[in-house]
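One structure is given below, encoded as structure tokens.
Given the structure is predicted, the values throughout are model-derived calculations rather than measurements. Chain letters run A, B, ... following the sequence lines, proteins first and then strands; every chain starts at 1.
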Amino acid sequence: MELSSKYNPKESEEKWLKVWKDGNVFHAVPNSNKKPFTVVIPPPNVTGILHMGHALNNTLQDILIRYKRMNGFEALWMPGTDHAGIATQNVVEKQLAKEGKKRQDLGREEFTKRLWSWKKEYGDTIIHQLEKIGSSCDWPRTRFTMDDEYSEAVKEVFIRLFEKDLLYRGERIINWCPRCQTALSDEEAEHQEKNGKLYYLLYTFKDKTLSFPNAFIGNPEAGSPTETFGDDKFPGIVVATTRPETMLGDVAVAVNPQDPRYAHLIGQTLILPLVNREIKIIADDFVAAEFGTGAVKVTPAHDPNDFAMGQRHNLSLINVMHPDARINEKGGAYSGMDRFDARKKILADLEAQGLLVKMEDHKNSVGHCYRCDTVVEPYLSKQWFVKMRPLAKPALEAVKNGTIKIRPERWEKVYINWLEDTRDWCISRQIWWGHRIPVWYDKDGHVFVAKSETEAKAKAKAQHGHDVDLRQDEDVLDTWFSSWLWPFATLGWPKENPDLKFFYPTAALFTASEIIFFWVARMVMAGYEFMGKPPFTDVIIHGTVRDAKGRKMSKSLGNALDPLEIIEEYGADALRFSLIYNSGQDIYISKEKFEIGRNFANKIWNASRLVFTNCNDTLEKGDYENLDVKALDLPSRWIIGRFYETLAKTSNAIETYHNSEAEVLVQEFFWGSFCDWYLELIKAKWNDVNVQKTALFVLKNSLKLMHPFIPFVTEEIYSRMNTEGGCLSQASWPVLQKELIDQRAFDDMQTVIDVITAIRNIRTQWNVKPNETVDVILVPDNEANAKLLLENQGDIQRLGKLKTITVDAKVTAVKESANAVVGTLKVFIPLGGLVDLIAEKKRMQADIAVKQRSIDGLQSRLSNEAFVSKAPEDIIVKEKERLATLHKEIAELNKIVADLN
RNA sequence: GGACUCAUAGCUCAGUUGGUUAGAGCGUCGCCCUCACAUGGCGAAGGCCGUAGGUUCAAUUCCUACUGAGUCCACCA
């Protein structure tokens, strides 16, 4: 068996990616002999390129799916991509812009064609990148949210919701992105807190005899209206606003009906400045008397609250903006100006007329488009909405009653809060890339919801009694209106089929917290509404990948590490392993961290080389599974017990999504126990067939154990000792044999390890050169220890680099020696002139002092009446035992110190 | 404004019903190229478990307040 001294990731990765693909190894089919285990990938956007977040997300899924596959489940990991309406359209529009064109220049059909060809060319990039990190998806099943079949599902859902009266079209204030020129849902408008200003504007009374005291406004500044209009009275009402430009659309001023300051003015008329429109003072409970001046300008077409007030008071709607947020013809002198330019101009003009009473700093949060970061405009328009309340109910229940678990648990609260307070979902988008809304209108605006124009026409004919001209709704659906069907639409819904029947519901969903509202909650709603079952039972919210300073990785910050570059330099195994190893919720990573995984892969590689070069070729692929473990020597029983202990802990960690812990466990076992101790211990015993068998047995099973985390290198090595046929990805998970977890072997081996460590410690302490051998006298204090030391003295001698080893219970003191106490047995190393007896004495005394402190603590506890009477019996017994041991140890140490004199 | 999370070694994290001497990796410091691996080996140093109270025989662990870091939600203009 020839293996090079360094693991070459690139070679193995290429090889195994091909084997897996050619063998269709990850293909899952309905199989009545197996239980299904399904995970659907969070479909990355077709515009996406692989970043660390994807690498993390997919590694986590892959660990679980590989684990389940090895555990005998028919494990399906469904891959696919999302058309990502706005994002993708923006990308292609940017491309067009380089040619000096706009999408309107091409027209809808041409532009959509262009998008499709873009998708064809680049859309699968990310899928191939996910494949490179070893994701064991059922690749031939790859779905796209705009596949024909998938589109059918989207239409079906639209129709069903419409027929159930859960969909409606209405004119509302929605979040509008003036740059993308489309409506957004509430979730797509990201609120960011900004330092803005609160502007106080004076609207004068039509009735010049009226006035209003200015005292509550505070001291007006120079050039303020008090100079213009008199000392302490305003000829009008002062309103406070953060968005003065919307005043062009004001239709009223509202005050709280209980506010005594304004009570007598309700119903009076004001003159809207700059526009000179007459508007009324109205009373509405919405207005908070404490805020600003207690008087609010009412702009029903540009603010959701004002819209509601407008409805209550039957006010007119004056939309003063174009879709691109320039002021429209209703804005008079300001028409054609951008909203922010208009703001400046309006403020300047108001100030010139003495109507800008005051400005103050004001923090408020402003919505931004989640795709292009433009400030969104609350904008009046006609859109399609999904009624959320009825859909939210079962989704809410599912988490509250534990049908669906969200981990870490705290996210359940976030989910619940959102669903309890969710508002209707605006699903129409004024873009061209997406699912066209399956609605047709006749010339009178009658609505025909149908899967096709033919069907719509038939419906229209049925209603009108003759053929009518129809036009389809121009808009497309929110991307999330297709993604929310992902867990079942990817399995062929609405068609009844074996896949859907077998693989739905899925098991676990891995995603980031930002997606809980967008996607997770809505998938649960859809699952219940259309399948009658939850789409999954576990939701795992993982953290964000950050740089070493804790900043989010982003292209604009320039701190992003490219997973593909990491694969190139360190290997895919290293990427996967290092990302997760020793990480918390959020993952802080710098390039150097990937050395952890690279080094570990290399360690596995070299340990395997050692085993292979020392084992009989026929054994390598032969029969070493049926070991009579109980007849093996101590180190062998120990390592096999440690293996099963680690197996149990690791399985449990994977099932409870403690992946970092799982990796620490396997690494600790393989490196810390198998390599550092077992392989070192057996270096002189390779001619023993049982040793060979044990090493091969542990190695082979360790490869299985480590495979979900580090699939390529384990697959590569496994292939050289494979007896089962197929590859490691398809092999079975080791079966736990609890009876082989041998506590006695653990304790005995620990003593041997402690003795060796004590010897090594002394050697370093007294600068004994590594290639120099020394003599050691071991003094056991009981029969069992004596036997243990004698049986393992060869190992102790070799790993301790000893010239001679003497086990003798009768020895009490050794001249000019360094010493150690291991539990209750003593270690003497006569070093002659090498050892400084004064220093050695000091060393021992320091040791004694530490133990004495423990004794003091224990004694005071045990002499405490309350402790003895209230603490449980077993604790008291343990403490007493501990005290006795300490006393014994300290006595030995004192004896040694005395002899040092 | 509301809700939530975190605080343990220089750094990143474990510490699963409260119970001996709080662990690991990285980093640091010694010594070693020992015939699997220097992507390695051996050894060591390093912690008032954020602060102040409380509950308890016993608190890193449970409770309260505070401080610091972070996240999410929100229609008071």
Side-chain angles (χ1 to χ4, degrees), chain A residues 3 5-7 173 191 198 239-243 246 254 286-288 290-293 295-299 303-308 362 364-365 378 408 410-411 413-414 417-418 421 423 513-514 516-517 544 548 550 570 574 581-590 592-593 595-614 652 656 658 660-661 664 667-668 672 675-676 679-680 683 757 760-765 767-771 799 801 850-851 853-854 857-858 861 864-872 874-876 878-879 881-883 885-886:
Chain A
L3 297 179
S5 72
K6 273 189 183 138
Y7 171 58
I173 299 276
H191 288 267
L198 190 59
V239 296
T241 180
T242 53
R243 301 173 60 222
T246 62
F286 164 78
V287 181
E290 326 73 68
F291 189 90
T293 61
V296 188
K297 61 193 266 317
V298 182
T299 325
D303 183 282
N305 295 312
D306 293 5
F307 180 81
H362 181 71
N364 68 334
S365 71
R410 63 191 150 94
W411 294 109
K413 207 170 271 180
V414 174
N417 287 346
W418 185 77
D421 203 30
R423 283 173 298 158
S513 59
E514 302 96 83
I516 294 177
F517 311 139
T544 313
Y570 296 90
Y581 184 84
N582 199 30
S583 66
Q585 178 71 2
D586 278 357
I587 289 177
Y588 298 78
I589 203 154
S590 57
E592 297 75 49
K593 200 189 169 189
E595 290 173 6
I596 291 173
R598 180 198 61 183
N599 294 356
F600 187 44
N602 193 57
K603 189 73 182 180
I604 298 171
W605 181 258
N606 276 294
S608 308
R609 281 177 68 207
L610 177 69
V611 174
F612 290 153
T613 52
N614 285 291
N652 182 52
T656 54
H658 290 95
S660 167
E661 192 184 324
V664 171
Q667 203 216 34
E668 212 170 72
C675 295
D676 287 350
L679 293 182
E680 291 302 327
K683 274 184 176 167
T757 304
R760 286 171 168 172
N761 186 334
I762 288 170
R763 295 179 59 110
T764 303
Q765 186 76 30
N767 298 316
V768 178
K769 291 286 156 213
N771 49 3
L799 296 196
K801 289 254 172 82
V850 169
K851 291 203 155 81
R853 250 174 279 147
S854 299
L858 278 168
R861 211 171 312 159
N864 183 343
E865 191 71 30
F867 174 72
V868 180
S869 61
K870 289 186 180 171
D874 58 320
I875 294 292
I876 295 171
K878 259 190 203 167
E879 301 279 62
E881 274 169 11
R882 170 87 190 124
L883 184 62
T885 312
L886 277 169

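Base engagement by A:P872 is indicated by at least one non-hydrogen atom pair under 4.0 Å involving a base atom. Among the heavy atoms of the strands lying under 4.0 Å from A:Y588 are primed sugar atoms or P, OP1, OP2 only; no base atom is included. A:D676 comes within 4.0 angstrom of sugar-phosphate atoms only, judged by non-hydrogen atoms across all strands, and of no base. Residue-level contact check: A:F517 touches the backbone only, with heavy atoms under 4.0 Å from sugar-phosphate atoms and none from bases. A:D306 comes within contact range of no nucleotide atom at all, as no heavy-atom separation falls under 4.0 Å. Within the 4.0 angstrom heavy-atom criterion, base atoms lie near A:S365. A:R410 comes within 4.0 angstrom of the backbone, heavy atoms only, and of no base. If you check every strand for non-hydrogen atoms under 4.0 Å, A:V298 touches nothing. Residue contacts shown for A:N864 are limited to sugar-phosphate atoms, with no base heavy atom under 4.0 Å away. Among the heavy atoms of the strands lying under 4.0 Å from A:K801 is at least one base atom, whether or not backbone atoms are also near. Nucleic acid contact for A:F286: base, since at least one base atom lies under 4.0 Å from a heavy atom of the residue.
Ranking B:A36, B:C4, B:G25 by closeness to the A:K413 side chain, first place goes to B:C4. Distances were taken from every side-chain heavy atom of A:K870 (C-beta onward) to each of B:U20, B:C57, B:A77; the shortest belongs to B:C57. Picking from B:C75, B:C31, B:G19 the nucleotide with the shortest atom distance to the side chain of A:P770 gives B:C31. If you check B:A36, B:U12, B:C75 against the side chain of A:R609, the one that comes closest is B:A36. Each of B:C31, B:A77, B:A36 was ranked by its minimum atom distance to the side chain of A:V287; first place goes to B:A77. For A:V414, the listed nucleotide lying nearest its side chain is B:C72; candidates were B:A77, B:G25, B:C72. Taking every side-chain heavy atom of A:R760 into account, B:C42 is the closest of B:U21, B:A77, B:C42.
The separation of B:C13 from B:G53, taken at their C1' atoms, amounts to 29 Å, rounded to a whole angstrom. A distance of about 14 Å separates the P atoms of B:G46 and B:A24, rounded to the whole Å. Comparing the C1' positions of B:U64 and B:G70 gives an interatomic distance of 22 Å, to the nearest angstrom. Nucleotides B:G15 and B:A74 place their C1' atoms 38 Å apart, quoted to the nearest Å. Comparing the C1' positions of B:G27 and B:C11 gives an interatomic distance of 7 Å, to the nearest angstrom. B:A7 and B:U16 are spaced 12 Å apart, taking the P atom of each and rounding to whole Å. With C1' as the reference atom, B:A52 and B:G43 are 41 Å apart, rounded to whole Å. B:U8 and B:G68 have their C1' atoms separated by 16 Å, given to the nearest Å.
Side-chain atoms of A:R853 and base atoms of B:U21 include no donor and acceptor less than 3.5 Å apart. Interface remark: the A:K603 side chain does form a donor-acceptor pair with the B:C37 base, using a distance-only criterion of under 3.5 Å. Judged by distance alone with a 3.5 Å cut-off, no donor-acceptor contact links the side chain of A:K6 to the base of B:A36. The base of B:A36 lies close enough to the side chain of A:E680 for a donor and an acceptor atom to sit less than 3.5 Å apart. Side chain A:N771 to base B:U34: no donor-acceptor pair is found below 3.5 Å.
The base-pairing partner of B:G23, taking Watson-Crick or G-U wobble contacts with both distances under 3.5 Å, is B:C13.
The backbone N or O of A:Y581 lies less than 3.5 Å from a partner atom in the side chain of A:K593, making a donor-acceptor pair. With A:D303 contributing its side chain and A:V298 its backbone, the two residues share no donor-acceptor pair below 3.5 Å. Under a 3.5 Å cut-off, the side chain of A:N614 and the backbone N or O of A:L610 do form a donor-acceptor pair.
Across the protein-nucleic acid pair, A:I762 atom CD1 and B:A44 atom C1' stand 14 Å apart, rounded to whole Å. At whole-Å resolution of the value, CG in A:N761 and P in B:C31 are 17 Å apart. We find that CD1 of A:I604 is positioned 13 Å from P of B:G40, with the value rounded to whole Å. Rounded to whole angstrom, the span from the CH2 atom of A:W411 across to the P atom of B:C4 amounts to 13 Å. Across the protein-nucleic acid pair, A:I876 atom CD1 and B:A58 atom P stand 14 Å apart, rounded to whole Å. Summarising the geometry, the separation between CD on A:Q667 and C1' on B:U39 is reported as 12 Å, rounded to the nearest angstrom. Look at CG on A:N606: it is 3 Å from C1' on B:C37, rounded to the nearest Å. The distance from atom CG of A:N599 to atom P of B:G40 is 4 Å, rounded to the nearest whole Å.
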Test side chain to side chain contact (heavy atoms under 4.5 Å, CB included) applied to A:I604 and A:Y7, step by step: CA-CA 9 Å; A:I604 298 171; A:Y7 171 58; over 6 Å; no
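Within the 4.0 Å cut-off from OP1 or OP2 of B:C76, not a single side-chain nitrogen or oxygen of A:H362 is found.
For the pair A:G584 and A:K769, nearest-nucleotide mapping onto RNA chain B gives the more 5' position to A:G584. Between A:N767 and A:R243, it is A:N767 whose nearest contact on RNA chain B lies nearer the 5' terminus.
No side-chain donor from either of A:N864 and A:R861 sits under 3.5 Å from a side-chain acceptor of the other.
Counting only heavy atoms from C-beta outward, the side chains of A:F291 and A:V296 never approach each other to under 4.5 Å. Looking at A:W418 and A:I516, their side chains never come closer than 4.5 Å, going by heavy atoms from C-beta outward. A:I762 has its side chain out of reach of A:V768: every pair of non-hydrogen atoms, C-beta onward, lies at least 4.5 Å apart. Proximity of A:Q585 to A:S513: side-chain heavy atoms (C-beta onward) are nowhere separated by under 4.5 Å.
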